[in-house]
Amino acid sequence: MMKSIKSFILIICFFAGMLLGAFIKYQYEISSYQPYAWNDNTGGPVIANCYGPDFSKLQITRAIDYWTIRGHKIAFYEHNPTDLICKSEWVNGFIILRKDKRLATNVLASTKRMTSGITMKGAVISYQAGTFNLDLLNEHEIGHALGYTHVEEIGHIMNPIYELIGLEFKVTN
């Protein structure tokens with residue numbers, strides 16, 4: 001009997017700790033403009049086009065240039081990555097671009113970040129079909145893949161509303 005009570009308390013403590021950790025991480029993410037960053041020693045992430053051959057090289061090159069001008073490192077862009085990369089859920093050191101029919105109809109694209117502590121490990125950018133060609137959408141999503149969150153400022157590249165996105169980028173606290 002005593003052993004089962006101790007086990008029950010241990011399980012409750014475990015779940016309470018998980019919930020507390022998730023809450024702290026959520027609070028950190030919403031209160032920090034760039035809660036995550038790639039390790040500077042790696043030369044930056046590799047961007048891999050797993051969307052397909054119709055993904056515009058010009059659009060992604062423009063997005064990469066936007067962020068490298070602002071001091072971010074991108075190792076390189078691979079327009080035709082191997083199936084091993086594209087079939088993986090995510091890959092350490094990569095930002096993977098994908099077409100995703102499962103996105104809600106009002107969502108143009110979505111970025112999922114894989115992190116360890118405050119370090120970015122990988123990211124996957126999922127697009128509605130054809131949305132990769134929208135002006136500044138790639139810049140915005142790569143911003144998320146580089147660790148940035150939304151900024152409620154008209155004209156800022158990280159504005160959450162597509163119609164209000166612009167070329168402006170300034171670090172905010």
Side-chain angles (χ1 to χ4, degrees), residues 15 18-38 45-64 66-67 70 72 74 77-81 83-116 118-170 172:
F15 283 111
M18 293 287 290
L19 286 173
L20 180 62
F23 176 75
I24 291 169
K25 182 176 180 180
Y26 173 76
Q27 288 297 315
Y28 173 69
E29 286 180 2
I30 64 171
S31 65
S32 178
Y33 175 55
Q34 188 182 15
Y36 306 105
W38 290 84
V46 173
I47 298 179
N49 171 23
C50 294
Y51 184 99
D54 52 337
F55 197 100
S56 169
K57 283 184 185 181
L58 177 63
Q59 290 284 56
I60 198 66
T61 300
R62 187 176 84 177
I64 291 168
Y66 180 90
W67 289 107
R70 286 157 180 82
H72 289 278
I74 304 293
Y77 169 64
E78 178 57 52
H79 194 67
N80 298 306
D83 283 345
L84 181 64
I85 298 295
C86 292
K87 289 183 179 179
S88 299
E89 183 178 336
W90 71 280
V91 179
N92 194 25
F94 279 73
I95 298 172
I96 298 174
L97 313 175
R98 289 202 170 108
K99 187 184 308 182
D100 192 342
K101 297 174 185 169
R102 297 170 296 166
L103 289 176
T105 55
N106 64 336
V107 175
L108 300 173
S110 176
T111 300
K112 183 177 179 183
R113 299 182 286 216
M114 289 56 165
T115 61
S116 176
I118 60 172
T119 303
M120 290 288 301
K121 294 295 183 184
V124 175
I125 302 174
S126 300
Y127 294 89
Q128 287 278 10
T131 60
F132 64 84
N133 278 323
L134 293 172
D135 282 341
L136 303 178
L137 185 62
N138 294 313
E139 288 85 344
H140 177 87
E141 294 303 327
I142 288 177
H144 285 309
L146 292 172
Y148 293 102
T149 59
H150 284 136
V151 174
E152 305 259 348
E153 186 176 307
I154 294 173
H156 197 285
I157 195 69
M158 296 310 297
N159 192 296
I161 301 169
Y162 176 73
E163 292 78 12
L164 301 179
I165 289 175
L167 285 170
E168 185 175 327
F169 174 77
K170 61 182 173 189
T172 61

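Worth knowing before you read on, the calculation uses all heavy atoms, side chains too, and leaves out hydrogens, waters and symmetry mates.
Heavy atoms only, all atoms of each residue included: L167 and R70 are closest at O-NH2, 3.9 Å. Taking all atoms of both residues into account, the shortest heavy-atom contact from P160 to E152 is CG-OE2, 3.7 Å. For the pair H72 and L146, the tightest heavy-atom approach, listed with the atom from each and the gap, is CG-CD1, 3.8 Å. Closest non-hydrogen pair, I125 versus A145, comes out as CD1-CB, 4.2 Å.
Residues H156 and Y148 keep their aromatic ring centres 6.0 Å or farther apart.
With respect to T111, the side-chain hydrogen bond (donor to acceptor under 3.5 Å, both in side chains) criterion is satisfied by exactly one of H144, E141, H140: E141.
Expressed to the nearest 0.5 Å, how far CD1 of I47 lies from CD1 of I64 amounts to 4.0 Å. Atom CH2 in W67 sits 9.0 Å away from atom CD1 in I142 (nearest 0.5 Å).
Note that R62 lies outside the cation-pi zone of Y66, set by a 6.0 Å cut-off to the ring centre and a 45° limit from the axis.
Using modelled atom types, one side-chain atom of N159 and one backbone atom of E153 make a donor-acceptor pair closer than 3.5 Å. Using modelled atom types, no side-chain atom of W38 and backbone atom of G147 make a donor-acceptor pair closer than 3.5 Å.
Relative orientation of the F132 and Y51 rings is perpendicular, given thresholds of 30° and 60° on the angle between their planes.
A side-chain hydrogen bond (donor to acceptor under 3.5 Å, both in side chains) check over residues 122-133, counting only residues at least two apart or in different chains, returns the pairs Y127-N138.
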Please tabulate, for the side chains in residues 87-96, all donor-acceptor contacts under 3.5 angstrom to protein atoms that are two or more places apart in sequence or on a different chain.
from : atom 1 : to  : atom 2 : distance (Å)
S88  : OG     : L84 : O      : 2.7

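For CD1 of I154, the number of neighbouring non-hydrogen atoms (other residues, nucleotides, ligands) closer than 6.0 Å is 12 at most.
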